[in-house]
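For reference, the structure discussed in these notes is given below.
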Amino acid sequence: MGKINVLSFAVANLIAAGEVVDRPASVIKELLENAIDAGATRVTVEIQRGGITFMRVADNGCGMSPEDLPVAICRHATSKIKDAADLDGIATLGFRGEALAAIASVSDLRIITRTADAEFGTCLSAKAGEVVEMTEQGAPVGTTVIVENLFGNVPARRKFLKKDVSEAIAVSTYVEKIALSRPDIAIRLIIDGNMKLDTAGDGELKSAMYAVFGREFVGKMLAVKGKGEGVSVEGFISRPDHVRPKRNYENFFINGRYVNCRTAAAALEQAYVSFCPPERFPCCVLNITINPAAVDVNVHPAKLEVKFSNERPVFEAVYSAVRTALENDDTRPEMKLKNTALPSAANAFVPIEEGRKESLSARQITIDHKPTKPAAPPAFSHMSAAEYAKKYTRTADAGQFASPLPYRRSETDSTGTMLKEAAAYARPLYHVPTSKPTVEAIPEKPVVEAIHESPTIPESQQTANNQDPTVSLTAAPVWRIIGEAFSAYVIVECDDKLLLIDKHAAHERVLFEELRARMKERTDTTQILLLPLSLSVSAEDAALFEAYRTEIEAVGFAFTLSSYTVEVSEIPEGLKPAEAGELLLSLPVTLAEGTGDAKLARDILFERALYQGACKAAIKAGRSYPPEYVEELVKKLMALPDITVCPHGRPVAMVLSHAQIDRQFKR
């Protein structure tokens, strides 16, 4: 007796359903795609218990006729394509005709639909893939699909589902992706009776992003737009100060379809080299438009992956668009200040300059105390906490200060004796240094307020009315150096804001940009190795080396191939043999996968070497430098407003606006 069995239609349907429907989220995805293909402009998604017991997707699309309705739940029944030629240029999200059949085979299904020219709607009920009944009923134009008791007839599948909240999160994630891919459609998501998402459907991607991510998140995104070789890229990417520890905020859409695109992800992340730390990943919402004939979407059961006929144009278009947006961005991160209410006067005394009246923010208050015998604040930088507590206390009976300086009163000390918080005020408000600062190889000179002045500006253009003269560089704002804090941060007044500049990070980036500019000016040259570099490779890698020989040799390599060895005789100038070997071994795979090109890989390696050198050569935080050093650094930085991060991804400067300061002082 033969061992080969022909499976029944019901079993075949269950097997096919496992490829398409594995959890409630995949059901919602398929139904949403059908709604979009039907021309819907409004879609409502509702689920209960993570979608296991109830799912409903209602749209205002074209609807289905009574004749088409029972056919729609049959396998390989679709209105999207007719013959094999249609697979070469798929422009719809669905096309296989498997979704409704797969869903119907593992659930209790109801479809209520009506076309615009029909007087009544039609309701189809199916159970385990079989039509139970069809009836007429009133219904709006469009289609509503209700799925209940998912995997009720396949209990083995149901036990692999996660908790209700986890399944609901997965559904929400898919709906958000669809909302981002089609901002022209108003999409509403209801989970267990609560509204979770409601997009405007106004066609603006930013509006959809507001609904999905929130205003604060979108405020840190940069617009991207570019094209090349039949590929156009448009959307938003995150600023370098808005990166994440994982890739889950990278969203790519190919012709309106959400996909996991390795080529686009590699281009995005390589564009961020020298803009964010290597262990962090950018956020993005990028729409990539390409000729449908140049992309195959029929390579994954869930249609989450695509295959390009040529990956390089896609990679180059994404890389160029993202890199251009990053290099043109001049937005600096804002310094966040808490805007809290003032505390009561009973426990908010702070040391201030005697005789002075100040309005202080957060945990400080206005103090009017004037000592009867003014005295200059002593330099008590080396005074211990115990000595300070002993000297600066007051007697409750006397009701007056024993010291000419007020103090912070402890919240738990009703007598006013400052014991608990004495250590916090062992340092005076105005510190007079007892020793001279350490200065590297320069005359000892404190870094104090330095007003930038340029001799190239005519006197007629300088500020009048005895104001401090300033310089306005090309495309640079008016600014002046106020001072330096902790020998690490330069404080600059610029228009209506303050910049707090990290002098090491700023100098590092300036040096890096200068070195990179010189690298781009040089001609591509090679260095001949005295002893050839021998690298072991597999037969498959050897074939890739031969296939991409032209591209590899174009960046400065010369090599000969044998079955399992690559003999390298020339390498790009500026690389060490070990670095060149690592680069050479990675190039064939990179080129074959379409996740980069040889020249870009070489340039990225060069850049890493450059910013390591720039980091070592940059001035160091915590060390004092003469004012002219700091002034020259600030001058270069202000002339290059698009320098916002160091090559390691740290901010170069933080912004504190005049309005923010006024709010803190309740002005």
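In this chain, numbering begins with 1 at the start of the sequence shown. This structure is a prediction, so every number in the text was calculated from the model and none was measured.
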query: Quick one: are the ring centres of Phe559 and Phe545 less than 6.0 Å apart?
result: yes
Can I get a per-line list of side-chain donor-acceptor pairs under 3.5 Å for residues 216-235, giving both atom names and the distance, sequence neighbours left out?
none

task: Drop me the distance from Glu33's CD to Ile28's CD1, to the nearest 0.5 angstrom.
output: 12.0 Å
- line: Of Cys276, Pro282, Cys284, the one forming a side chain to side chain contact (heavy atoms under 4.5 Å, CB included) with Glu269 is Pro282
message: With a 4.5 Å cut-off on side-chain heavy atoms, are Ile571 and Thr526 touching?
response: no
message: Under the side chain to side chain contact (heavy atoms under 4.5 Å, CB included) test against Leu189, which residue among Ile178, Val175, Val43 passes?
response: Val175
message: side-chain contact (heavy atoms from CB on, under 4.5 Å) for Val322 and Leu286? Distances and angles first, verdict last.
response: CA-CA 10 Å; Val322 172; Leu286 291 180; 4.2 Å; yes
task: Apply salt bridge (charged side-chain N to carboxylate O under 4.0 Å, His left out) to Arg509 and Glu513, showing your working.
output: CA-CA 6 Å; Arg509 186 77 200 196; Glu513 293 295 338; 2.9 Å; yes
query: Is Arg323 atom CZ crowded by more than 12 heavy atoms from other residues, nucleotides or ligands, each under 6.0 Å away?
result: yes
query: Do the non-hydrogen side-chain atoms of Met55 and Glu46 ever get within less than 4.5 Å of each other?
result: no
task: With side chain to side chain donor-acceptor pair (under 3.5 Å) as the test, would you mind laying out the steps for Thr143 and Asp59 before giving the verdict?
output: CA-CA 6 Å; Thr143 302; Asp59 67 66; 4.5 Å; no
- request: Take atom CZ of Arg42 as the centre, draw a 6.0 Å sphere, and report whether it contains more than 12 heavy atoms from other residues, nucleotides or ligands.
  value: no
message: As a test of understanding, state which of Val57, Leu31, Ile191 forms a side chain to side chain contact (heavy atoms under 4.5 Å, CB included) with Val45.
response: Val57
statement: Taken to the nearest 0.5 Å, the spacing of Leu585 CG from Leu544 CG works out to 12.0 Å
- prompt: Does Val318 reach the side chain of Ile288, with side-chain heavy atoms less than 4.5 Å apart?
  reply: yes
statement: To the nearest 0.5 Å, atom OH of Tyr249 lies from atom CZ of Phe281 at 15.0 Å
statement: Here the gap from Leu69 atom CG to Met64 atom CE, rounded to the nearest 0.5 Å, amounts to 5.0 Å
